[in-house]
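A short worksheet on the structure shown next.
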Amino acid sequence: MIVPFVPPIAKNHNLTARETEVFGWLGQAKTVADIATILGLSPKTVVAHVSNLMRKLCLYNRAEVVLAAIEYGFAPCPCAYHRRLAVAA
C-alpha cells in the first residue's frame, strides 16, 4: 500500500487532505477560480477550504498564506537569490 506524503504542517494543524491541496495551489499563486477548475470544485467550496486553513493556521490574508506556503515548502521562494541557487543546483 502506498501512503501519500503528508507535510508536517498538515498533521500539526489538522488540515484535511483537500485543505492541504488548496494550500499548495495557493502557494503556486493560483486564484480561487484556477483552483476550482483544477480540482473540479465550485469556487465557493475552494473559498471555504481557504477560510478553514487560514483559521487553522492563524493567517489573516492571502499574502500570509503565500508566505506560509513558501516557508513550509509548498512553493518555491520567488526571490532572485533563491532562483539563482535553484539554477546552480
Shared ILVMFWY cluster between I35 and L67, side chains joined below 4.5 angstrom? no

Minimum heavy-atom separation for A36 to S42, with atom names? CB-C, 3.9 Å

Indicate the atoms forming the closest heavy-atom contact of E19 with N52, along with that distance. OE2-CB, 3.1 Å

Using every non-hydrogen atom in the two residues, find where L26 and V50 come nearest and quote the distance to one decimal. CD1-CG2, 3.7 Å

A69 and G27: which non-hydrogen atoms are nearest, and at how many Å? CB-CA, 3.4 Å

Distance in Å, L53 CG paired with F23 CZ, rounded so as to fall on 0.5 Å steps: 6.5 Å

Side chains of N61 and E64 in contact at under 4.5 Å (non-hydrogen atoms): yes

Common cluster, L57/M54, ILVMFWY with side-chain heavy-atom separation under 4.5 Å: yes

Decide whether L59 and W25 are clustered together by the hydrophobic rule: side chain heavy atoms of Ile, Leu, Val, Met, Phe, Trp, Tyr closer than 4.5 Å, transitively. yes

Looking at every non-hydrogen atom in both residues, tell me the closest pair between K56 and N14 and how far apart they are. NZ-O, 2.9 Å

Quick one: does any side-chain atom of T45 pair with a main-chain N or O of L41 as donor and acceptor, under 3.5 Å? no

Pairs where residues 20-47 contributes a residue and the test salt bridge (Lys or Arg N to Asp or Glu O under 4.0 Å) is met, not counting sequence neighbours: R18-E21

